[in-house]
Amino acid sequence: MTPTPLKTATQRLAAAGIEDAREEARALLRHALGLDAAGMIARGTAPLSDEETARFEALVARREAREPLSHIIGSVGFWTLDLLVTRDVLTPRSDTETLVRAALEQIPDRAAPLRILDIATGSGAIALALLSELPNATAIATDISPAALEIAKANAARNQLSGRIVFLETSWTDGVDGPFDLLVSNPPYIAPEIIETLDPEVRDFEPRLALDGGQGGLEPYPHLLAETRRLLSPGGHAFFEIGHDQGAAARALASAADFAELAILPDLAGRDRVLALRN
């Protein structure tokens, strides 16, 4: 029996080293056909036309070359949002949802008019996820990349949140004035020599500016922690994403910056993922 295009695609992606080959092949087929999951069910087992086969083949070839699925499809789910992604921003990952969850757990009144600062916002994922849960909050989101900010602005509009967020093109927090009730960031935290060992999807397709955290991966942190002191309101909370092996180093840097109330929070796999601080 001749294998179906979906089975052939799954085999090709698996041979290319892609872990969730079957699910990704299905996602590529849906995208090639312009259908959602319900549409695929309705279509049933109807054979692909020549044009559909060509579109599907082109998408599979891109993924086989390890181009991220999010770049091929053009969007990714994060929290409850659908976010546009390109090569100009990091693809939001489930690890970062740990930070969103931790921040929300520290907010007793979700209807409060909170002020949020998101440093190095990228796609806008963290700030927009928080705004989607905090109906009276407003946010400022910074990034040094104008291309990234264009994606973040588009994501705000896509999720009907543009009216509650301001985007600033700046380095870290230059020109930003507080106070803020909540400060969040997923800054670059990978050491340069480690970047070359990462999966091709990250190493070859994601912006180096958003990955490279300098020597040891935590080079920006002394400055970020000092700025957190300056910008966070008394009793305010700050949350930074960190690498899975950076908990001890991040804790030491926060202690050196005189943060007495701090914790390292794990992700769903039990690995260090978030530095949590209270002013």
Side-chain angles (χ1 to χ4, degrees), residues 89-90 95-96 98-100 102-107 114-127 129-130 137-146 148-149 152 165-192 194-195 207-266 272-279:
V89 298
L90 293 180
D95 286 341
T96 304
T98 300
L99 189 156
V100 175
L104 291 172
E105 287 174 355
Q106 295 301 321
I107 299 171
L114 303 173
R115 294 193 73 213
I116 301 169
L117 175 63
D118 181 12
I119 305 170
T121 193
S123 67
I126 297 173
L130 290 170
T138 58
I140 291 176
T142 73
D143 207 288
I144 200 171
S145 165
L149 288 174
I165 187 166
V166 173
F167 295 97
L168 295 180
E169 182 185 338
T170 190
S171 176
W172 304 122
T173 54
D174 290 357
V176 177
D177 293 318
F180 294 92
D181 305 292
L182 180 60
L183 186 152
V184 293
S185 183
N186 179 13
Y189 58 72
I190 302 174
I194 300 298
I195 293 175
R208 190 63 59 105
L209 183 66
L211 297 170
D212 190 342
Q215 185 175 2
L218 296 174
E219 203 169 273
Y221 271 81
H223 175 69
L224 289 173
L225 292 169
E227 287 293 270
T228 300
R229 275 287 189 214
R230 178 176 74 87
L231 293 166
L232 202 59
S233 63
H237 293 270
F239 299 88
F240 295 89
E241 183 168 333
I242 59 173
H244 67 89
D245 57 352
Q246 294 176 329
R251 179 185 289 275
L253 288 168
S255 294
D258 292 328
F259 282 96
E261 293 191 52
L262 64 98
I264 303 297
L265 307 179
D272 291 349
R273 186 57 59 191
V274 173
L275 169 65
L277 306 170
R278 188 163 187 256
N279 210 6

Considering all heavy atoms of both residues, which atom of Gly124 and which atom of Ala152 are nearest to each other, and what is their separation?
N-CB, 3.9 Å
Please check: side-chain N/O of Arg115 versus main-chain N/O of Pro179, any donor-acceptor pairing under 3.5 Å?
yes
Within the structure provided, determine whether Thr142 and Trp172 are in side-chain contact (heavy-atom separation under 4.5 Å).
no
Using side chain to side chain contact (heavy atoms under 4.5 Å, CB included), reason through Asp212 and Ile190 one step at a time and then give a plain yes or no.
CA-CA 5 Å; Asp212 190 342; Ile190 302 174; over 6 Å; no
Interatomic distance, CG@Asp174 vs CD@Glu169, rounded to 0.5 Å, equals 12.0 Å
Could you tell me if the side chain of Leu253 sits less than 4.5 Å from the side chain of Leu225, heavy atoms only?
yes
Ile126 and Thr96, any side-chain heavy atoms less than 4.5 Å apart:
yes
Just wondering, do Asn279 and Phe259 contact through their side chains at under 4.5 Å, heavy atoms?
yes
Val184 versus Leu130: any side-chain heavy-atom pair under 4.5 Å?
yes
Rounded distance (nearest 0.5 Å) linking atom CG of Leu218 with atom CD1 of Ile242
7.5 Å
Looking only at non-hydrogen atoms, find the nearest pair between Phe239 and Ala102 and report the distance.
CZ-O, 3.7 Å
Looking only at side chains, do Asp95 and Thr98 share a donor and an acceptor under 3.5 Å apart?
no
Are any of the side-chain heavy atoms of Leu262 and Arg251 separated by less than 4.5 Å?
yes
For Ser185 and Leu99, the nearest pair of non-hydrogen atoms, with its separation, is O-CD1, 3.5 Å
Taken to the nearest 0.5 Å, the spacing of Ile144 CD1 from Leu149 CG works out to 10.0 Å
Measure across Ile165 and Ala127 and return the closest heavy-atom pair with its distance rounded to 0.1 Å.
CD1-CB, 3.8 Å
Side-chain touch Leu224/Ile119, heavy atoms, less than 4.5 angstrom:
yes
I need the Ile140 CD1 to Leu183 CG distance, nearest 0.5 Å.
11.0 Å
Pairing residues for Phe240 by the ring-ring contact (aromatic ring centres under 6.0 Å, His included) criterion, not counting sequence neighbours
Tyr221
Between CD of Gln246 and CZ of Arg273, what distance do you get to the nearest 0.5 Å?
9.0 Å
Closest contact, heavy atoms only, Gly214 versus Pro192
O-CD, 3.3 Å
Please say whether more than 12 non-hydrogen atoms of neighbouring residues, nucleotides or ligands are located less than 6.0 Å from CG in Leu104.
yes
Within the side chain of Thr173, is there an N or O that forms a donor-acceptor pair under 3.5 Å with the backbone of Val176?
no
Any chance you could lay out the side chain to side chain contact (heavy atoms under 4.5 Å, CB included) test for Leu114 and Leu182, step after step, and finish with the verdict?
CA-CA 7 Å; Leu114 303 173; Leu182 180 60; 5.6 Å; no
Once you round to the nearest 0.5 Å, how far does CD of Gln106 lie from CG of Asp181?
13.0 Å
Going by atom types alone, do Tyr189 and Glu241 pair a side-chain donor with an acceptor below 3.5 Å?
yes
NE2 of His223: more than 12 outside heavy atoms within 6.0 angstrom?
yes
Determine whether a donor-acceptor pair (N or O, by modelled atom type, separation under 3.5 Å) exists between the side chain of Glu219 and the backbone of Gln215.
yes
Scanning both residues in full, the closest heavy-atom pair of Thr121 with Asp143 reads N-OD2, 3.3 Å
Is the closest side-chain heavy-atom distance between Val274 and Ile264 below 4.5 Å?
no
